[in-house]
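Worksheet: the structure to be examined is printed underneath.
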Amino acid sequence: MIFQKSNKLFIKHSCVIAFFALFCVFFSPIHNYLGYTAGALLLAGVLAGGWFFGVWGGVIYGFTPIIINLVFYSRYTGLSLRDTFFMSLPAYLVSILTGALTGIISDILIKYKIKTKELEEKQKELNDEIENKIKVEKELVAIRSNLEALIKVRTKKLEETLEILEHEYNIQNIFKERLLINEERLNIALDISKYALWDLKIQDNSMYISPQYYKMLGYEPDEFIPSPDLLRSFIHPEDIHVLSEVKFGKENHLLEYRMMKKTRDWVWVIERSKIVSRSSNGRPQRVVGILIDNSERKNYEKQLLIYTEELKNLNISKDKFFSIISHDLRGPLQGLLGISEILSDDTGDLTRKQIAVLANELNKTVKNQFNLLTNLLEWSRIQTGAIKYAPVQIALSVLTEQIMLLFDENAKQKSIKLENTIEPNKIVKADNYMLNSVIRNLLSNAIKFTPSNGKIIISSHTEKDFEIVTVSDTGVGMSEKELNKLFAIENKLSNPGTANEKGTGLGLILCKEFVETNGGKIWVESKINQGSEFHFTVPVYKQ
């Protein structure tokens with residue numbers, strides 16, 4: 001529509017219509033309604049402004065002659081303005097309706113013309129599009145032909161490549177199977193030999209360790225990510241210095257150190273390593289090594305040292321044992337031989353009193369020899385394991401009282417008072433024979449080294465799971481030097497008693513063996529002329 005273009009166009013058309021209306025007034029018959037209609041139709045057709053401008057043209061075209069008629073025509077005719085207006089009004093309305101109708105028809109024609117033009121343009125566009133599609137299809141057909149030819153060539157090459165790849169894949173599978181078999185064999189060999197494999201790439205500090213490495217340290221495979229720094233932290237602080245022995249100028253290295261397991265225990269290992277590749281400047285790039293669990297050999301070495309020390313002590317004990325036998329048996333036997341010769345050769349010359357003295361001395365010597373042989377027999381049985389440990393429930397006070405009765409006569413001869421202060425409810429767990437021997441030997445030694453009118457007390461008290469038994473006397477006591485020689489056969493000490501009683505020197509050694517066999521320990525406290533206190537522990541019996 002023309003009126004939609006701008007207000008300037010509207011003003012322009014209004015002026016044209018007004019001018020044309022004036023022209024029609026002066027050059028057309030005033031009462032010729034057809035003249036008005038023709039003028040309006042002509043105006044609307046020329047302007048082709050549509051129904052709006054048709055109506056507007058009719059208004060201007062009809063209104064203008066009305067004004068002119070009112071001004072000029074009424075003067076000449078003598079009609080009033082009112083009559084002149086109503087006389088001109090029908091022509092005016094016809095002009096407006098004719099202009100509007102002409103505008104509507106013009107509007108329809110314009111729209112039809114526009115649509116026709118649009119359809120022509122769309123048809124042209126469609127034709128252009130079809131031509132382009134045909135052109136594109138031809139190009140696509142050509143491209144498709146080229147692609148098919150290219151695909152055939154590429155397919156053939158791909159088939160050839162696939163055949164090559166399939167062949168290589170089969171070869172790789174064969175090598176993979178062989179690699180798996182070799183890896184399995186290697187793992188079996190490592191498991192059997194207790195070897196662990198490691199592989200270090202120095203450039204990127206990456207490291208591989210075999211499952212045996214994890215197992216050796218008590219970890220599950222892949223439980224930690226291996227690295228030189230981490231594995232170095234597992235090494236015992238006292239052994240970390242061995243890493244300084246690694247010289248990059250050497251190809252092979254052999255180290256021995258301890259590593260901490262997951263259980264916080266230490267395992268001895270031997271490391272054998274080899275530099276397998278170097279850079280152009282000679283610096284190591286890759287190092288491969290194995291780790292060998294050496295704990296079993298170390299334990300064997302440790303046990304061997306213990307056995308060696310024990311064998312050494314046994315040899316010393318054996319030498320001392322034979323020395324005791326040769327010395328302690330030979331001397332008294334020579335005495336027995338001398339007394340027996342006197343009694344055999346000079347019986348007729350001896351008085352009854354002399355014979356009694358010799359017989360008493362002979363009895364003492366034989367008793368001492370008997371005690372010596374008994375102790376030697378018990379000691380040898382301990383060393384050979386002939387005496388079996390058989391713990392039972394023992395009333396400590398009752399056993400002590402029974403042993404005191406055995407030594408009652410010896411004590412009365414020296415006017416020594418024996419006293420048992422152990423409470424009747426003290427029950428211990430020990431081997432009856434061994435405990436009896438310990439108390440018997442300690443009481444015998446106390447009587448031997450206590451002078452006349454002395455006193456010996458056997459007491460006990462409980463500490464935790466043990467009963468501490470004490471045999472105290474008012475005897476001669478011992479020096480610090482003598483105390484250090486007790487309880488060891490290589491330092492066998494045998495001093496005469498206060499009544500010149502002779503001992504074997506093996507009693508305290510037997511006591512130590514028996515006490516330790518029962519799970520206790522023995523010790524002594526003594527001072528010269530102030531007596532001695534022998535203490536030993538024995539486990540308390542638990543219900």
Side-chain angles (χ1 to χ4, degrees), residues 1-14 16-17 41-57 99-184 199-208 221-222 225-227 276-277 279-280 285-286:
M1 302 290 291
I2 295 177
F3 76 93
Q4 293 176 332
K5 293 183 179 179
S6 67
N7 292 330
K8 291 181 179 181
L9 185 62
F10 175 78
I11 296 171
K12 177 181 176 182
H13 285 194
S14 299
V16 172
I17 292 168
L41 290 173
L42 179 61
L43 179 62
V46 173
L47 296 177
W51 68 270
F52 178 80
F53 282 109
V55 173
W56 177 245
L101 181 61
T102 304
I104 291 171
I105 294 171
S106 176
D107 224 0
I108 293 171
L109 292 174
I110 290 171
K111 288 181 179 179
Y112 174 77
K113 184 178 180 180
I114 291 172
K115 287 183 178 180
T116 302
K117 188 176 182 180
E118 288 178 353
L119 288 173
E120 289 176 354
E121 291 177 354
K122 286 183 179 181
Q123 182 65 36
K124 185 179 180 181
E125 290 177 358
L126 183 61
N127 292 335
D128 293 340
E129 187 176 351
I130 290 172
E131 289 179 0
N132 290 332
K133 284 185 178 181
I134 293 172
K135 184 178 180 181
V136 170
E137 284 180 358
K138 290 180 180 180
E139 292 177 354
L140 287 176
V141 169
I143 293 171
R144 182 176 179 181
S145 299
N146 293 333
L147 284 176
E148 288 177 352
L150 182 62
I151 288 171
K152 287 181 180 180
V153 174
R154 294 290 177 88
T155 302
K156 186 176 180 180
K157 290 183 179 180
L158 182 61
E159 288 175 352
E160 294 174 354
T161 305
L162 286 174
E163 289 179 359
I164 296 172
L165 289 176
E166 185 177 0
H167 180 67
E168 292 180 354
Y169 178 75
N170 292 332
I171 294 175
Q172 287 180 357
N173 281 340
I174 293 172
F175 280 113
K176 186 177 181 180
E177 290 176 1
R178 291 179 181 177
L179 182 62
L180 290 174
I181 293 172
N182 290 335
E183 184 177 356
E184 183 180 3
D199 188 348
L200 171 63
K201 294 181 180 178
I202 298 177
Q203 286 180 328
D204 56 4
N205 210 36
S206 62
M207 191 172 192
Y208 163 80
D222 301 327
I225 299 175
S227 68
V276 296
S277 66
S279 61
S280 57
Q285 289 183 322
R286 184 182 174 200

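A quick note: this is a predicted structure, and the numbers were derived from the prediction, not measured. If you read the sequence from its start, that first residue is 1, and numbering goes on from there.
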Item to check | Pairs involving residues 127-141, ordered by first then second residue, that meet salt bridge (Lys or Arg N to Asp or Glu O under 4.0 Å) (sequence neighbours left out) | outcome: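 Counting only pairs at least two positions apart or across chains, the salt bridge (Lys or Arg N to Asp or Glu O under 4.0 Å) contacts touching residues 127-141 are Glu129-Lys133.
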
Not counting sequence neighbours, which residues clear side chain to side chain contact (heavy atoms under 4.5 Å, CB included) with [X]? List them please.
X      : value
Ser206 : Lys201, Asp204
Ile130 : Leu126, Ile134
Asp222 : Tyr214
Glu168 : Ile164, Leu165

Checklist entry - Can you name the side chain to side chain donor-acceptor pair (under 3.5 Å) partners of Glu163, sequence neighbours left out? => result none

Enumerate donor-acceptor pairs with a distance under 3.5 Å from any side-chain N or O in residues 145-162 to protein atoms, sequence neighbours excluded.
from	atom 1	to	atom 2	distance (Å)
Ser145	OG	Val141	O	2.9
Asn146	ND2	Ala142	O	3.2
Glu148	OE2	Arg144	NE	3.4
Thr155	OG1	Ile151	O	2.5
Thr161	OG1	Lys157	O	2.8

Next on the checklist: Please enumerate all residues that pass salt bridge (charged side-chain N to carboxylate O under 4.0 Å, His left out) together with Arg286, with sequence neighbours excluded.
Outcome noted: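 Applying salt bridge (charged side-chain N to carboxylate O under 4.0 Å, His left out) to Arg286 gives Asp199.
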
